[in-house]
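Below is one structure; the comments refer to it alone.
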Amino acid sequence: MSEQPTIRPFVVSDRSAVRQIACDTADCGRPVERFFPDREIFADLLTRYYTDFEPESSWVGVDGLQVVGYLNGCMDSHRHERVMRRRIGPALLLRALRRGVFLRPAAIRFMALNISLWISRGRSEPVDYAEFPAHLHVNLRPGFRGHGLGRMLVETFVSHARSRKVRGIHASVREDNEKARAFFERLGFVELGRNPVVRLERGAALCGVVYGMRLGV
């Protein structure tokens, strides 16, 4: 690490760095390959909406010239769902078929573990988008955590959301990610609920803890 990392708005040339960090830290700070074999497909699923459809709500943390973290954000979660369902999802499925993702043993195992969970999630209680319409994902490279960069990214996003007159924001982290949960709680987020999000082994699924913050606008 050089001097104190800084943050700036996301630009198109940051796209590959954001995708790499997302994949490098996908499993509570560990690489996506621990549970899914195709980085390109995973990066599309996790980041494409933010980098390609709403880049104005994203920021990056930089150390010198290196991107070492990012915050991907969305002001309207209903819009995010529409774009994922109508634009990104179909294209992602076609791309995965062309890349042979569904023929790889690791992908077959992952889908077998989670297909029933994905179906049942359609009946899960959603976040109240009227109260918490905006959401965020924040990720840092391991060597850059604990130095205030994550806080700076979230505070910048909160200011952006307030300037757009957004009533509240939410974020979800895995229940076993204790450091991430403590991070959001220190920033004033409160737990809104929990939903099963992924099954990495046979047995009970891991839950996502949904945190929210009202912005008072």
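Below, all heavy atoms of this structure are taken into account, side chains as well, without hydrogens, waters or symmetry copies. All values reported here derive from a predicted model rather than from experimental measurement.
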In Å and rounded to the nearest 0.5 Å, what is the [atom1] to [atom2] distance from [X] to [Y]?
X	Y	atom1	atom2	result
E40	L92	CD	CG	11.0 Å
R86	M84	CZ	CE	13.5 Å
L103	I108	CG	CD1	6.5 Å
R95	L45	CZ	CG	12.0 Å
D76	H135	CG	NE2	9.5 Å
Y70	R15	OH	CZ	12.5 Å

Can you tell me how the ring of F42 sits relative to the ring of F35, calling it parallel under 30°, perpendicular over 60° and tilted otherwise? perpendicular
Hey, can you tell me if Y129 and H170 have their rings parallel, tilted or perpendicular (30° and 60° cut-offs)? parallel
Tell me the closest heavy-atom pair linking [X] and [Y], and the distance in Å.
X	Y	answer
R141	V67	NE-O, 4.1 Å
L71	L153	CD1-O, 3.5 Å
R39	P31	NH2-CB, 4.1 Å
M152	P5	CE-O, 4.1 Å
T47	A22	CG2-CB, 3.8 Å
P133	G168	CD-O, 3.2 Å

Quick test of your reading of the model: are D52 and R87 salt-bridged, counting only N-O distances below 4.0 Å? no
Inspect the contact between E81 and R85 and indicate whether a charged nitrogen and a carboxylate oxygen are less than 4.0 angstrom apart. no
Would you check if the side chain of [X] reaches a backbone N or O of [Y] as a donor-acceptor pair within less than 3.5 Å?
X	Y	answer
R48	I88	no
N177	A180	yes
D14	V11	yes
D38	I41	yes
R30	D27	yes

Would you say that [X] contacts [Y] through its side chain, given a criterion of any heavy-atom pair below 4.5 Å between the two side chains?
X	Y	answer
R8	V62	yes
V127	S77	no
R19	D44	yes
T156	I7	yes
L192	Y211	no

For atom CD of E131, decide whether the heavy atoms of other residues, nucleotides or ligands shown that lie under 6.0 angstrom number more than 12. yes
Would you say CZ of R98 has more than 12 non-hydrogen atoms from neighbouring residues, nucleotides or ligands within 6.0 angstrom? no
Proximity of H80 and Y50 rings by center, below 6.0 Å: yes
Could you walk me through whether L136 and I169 pass the side chain to side chain contact (heavy atoms under 4.5 Å, CB included) test, one step at a time? CA-CA 8 Å; L136 66 89; I169 60 181; 4.2 Å; yes
Walk me through whether C74 and Y49 qualify under side chain to side chain contact (heavy atoms under 4.5 Å, CB included). CA-CA 9 Å; C74 169; Y49 170 82; 3.7 Å; yes
Could you list the residues that satisfy ring-ring contact (aromatic ring centres under 6.0 Å, His included) with H160, not counting sequence neighbours? W59
Determine, stepwise, if the pair F184 / V173 fulfils side chain to side chain contact (heavy atoms under 4.5 Å, CB included). CA-CA 9 Å; F184 281 107; V173 299; 3.5 Å; yes
I would like to know whether V166 and F132 meet side chain to side chain contact (heavy atoms under 4.5 Å, CB included); could you show each step before the answer? CA-CA 8 Å; V166 172; F132 303 96; over 6 Å; no
Non-neighbouring partners of R194 that pass side-chain contact (heavy atoms from CB on, under 4.5 Å), sequence neighbours left out: E175, R181, E191, C207, V209
